[in-house]
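Structure, as structure tokens:
The residues of the chain are indexed from 1 along the displayed sequence. For the numbers below, each heavy atom of this structure counts, side chains included, while hydrogens, waters and symmetry mates do not. All of these numbers come straight from a predicted model, not from anything done at the bench. Every number for a ligand or one of its atoms is a count from 1 in the order of the listing.
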Amino acid sequence: MELILANPTGFCFGVTRAIKELENSLDTFGKVYSIGSPIHNPQEVKRLQDKGLVVVRSAEEIPNGSVVFVRAHGEMPEALRIVREKALLIIDGTCPFVHNAQEKAKFLIDEGYDLFIVGDPEHPEVKAILGAVSNKGTVINDLDAINRYGSINRCGIISQTTQSKDFLGSVVSGLVPFCNEMRVYNTICKATLERQDAIRELASRVDGVIIIGGKNSANTSQLSLIAKQEEIPTLWIEDSEELDPDWFSEKNIIGIAAGASTPDWLIKKIKLILEHR
Ligand code: SF4
């Protein structure tokens, strides 16, 4: 069996930066709090928890005088306000590309546009973007919803950083007939676009693709979606125990891809297991 690794794959710039800052803080302070997962990979989060990371569900749960890490995909302003009141120190791991999406959203609102955010309304990044504009925006994750908006005078569009460019394009095309004026910022990050292109390229060369990444990871979910669109057999796993032996039958060339929050140690582990099958 031949294995081909997607290029690039695994940790992106923003996650690498966030993990480095978080590990430095853990080395210095021993215990660091995060509201929700700092990155969307359960195995890497577990490794960090073993070093002293404490993941809580809300800002209210953080004890006074704590060191708090703000996750790569940003935090709601209200939660940040509470954290500022309680924390001894805040380490901001928010990715610059996420900050950029928040700034573009604020700009569009300030300029009088009706704001549309292409993304998943339940994703923390999208909630943080909405929070940054006091919830003055509409999240689109369903093309059928577009017909419900009616005519829009000035339409401003941004995207969750990990969306698919095809879906962003479809939303823009769908809204055009309803808008007098449209302004679009493509805020999908470079790392996401590169990984999406890499899996398309990989799909043309393999009999099946294994995608490694958290089931809660938006960018990994997009990789899985793209692989399915390319009609290539796909196995999305978080760890090695999900390697189903039946899936490998009649496959000679296997592609391996991983989401932007999948650590190298996990990719290497699964690759090693596959090399010795
Ligand atoms: S996927 Fe993009 S936006 Fe998210 S952390 Fe990585 S570089 Fe930043």
Walk me through whether E2 and R205 qualify under salt bridge (Lys or Arg N to Asp or Glu O under 4.0 Å). CA-CA 11 Å; E2 185 185 346; R205 300 160 60 200; over 6 Å; no
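What sits closest to atom 8 (Fe) of ligand 1 on the protein, heavy atoms only, is C95 SG, 2.3 Å. When only non-hydrogen protein atoms are considered, atom 3 (S) of ligand 1 lies nearest to T161 OG1, 3.3 Å.
For the pair R47 and D50, the salt-bridge criterion is not met [side-chain N within less than 4.0 Å of a carboxylate O]. Salt-bridge check for K165 with D197: passed, with a basic side-chain N closer than 4.0 Å to an acidic carboxylate O. E238 has no carboxylate O lying under 4.0 Å from a charged side-chain N of K215, or vice versa, which leaves the two without a salt bridge.
Of all atoms in ligand 1, listed by their number and element, those nearer than 4.0 Å to a heavy atom of H73 are 3 (S), 4 (Fe), 5 (S). Of all the atoms in ligand 1, the ones that sit under 4.0 Å from a non-hydrogen atom of C189 are 1 (S), 2 (Fe), 3 (S), 7 (S).
Under the 30°/60° scheme for interplanar angles, the aromatic rings of H73 and H123 are found to be tilted.
Taking backbone and side-chain atoms together, C12 has an N/O/S atom less than 2.8 Å away from atom 6 (Fe) of ligand 1.
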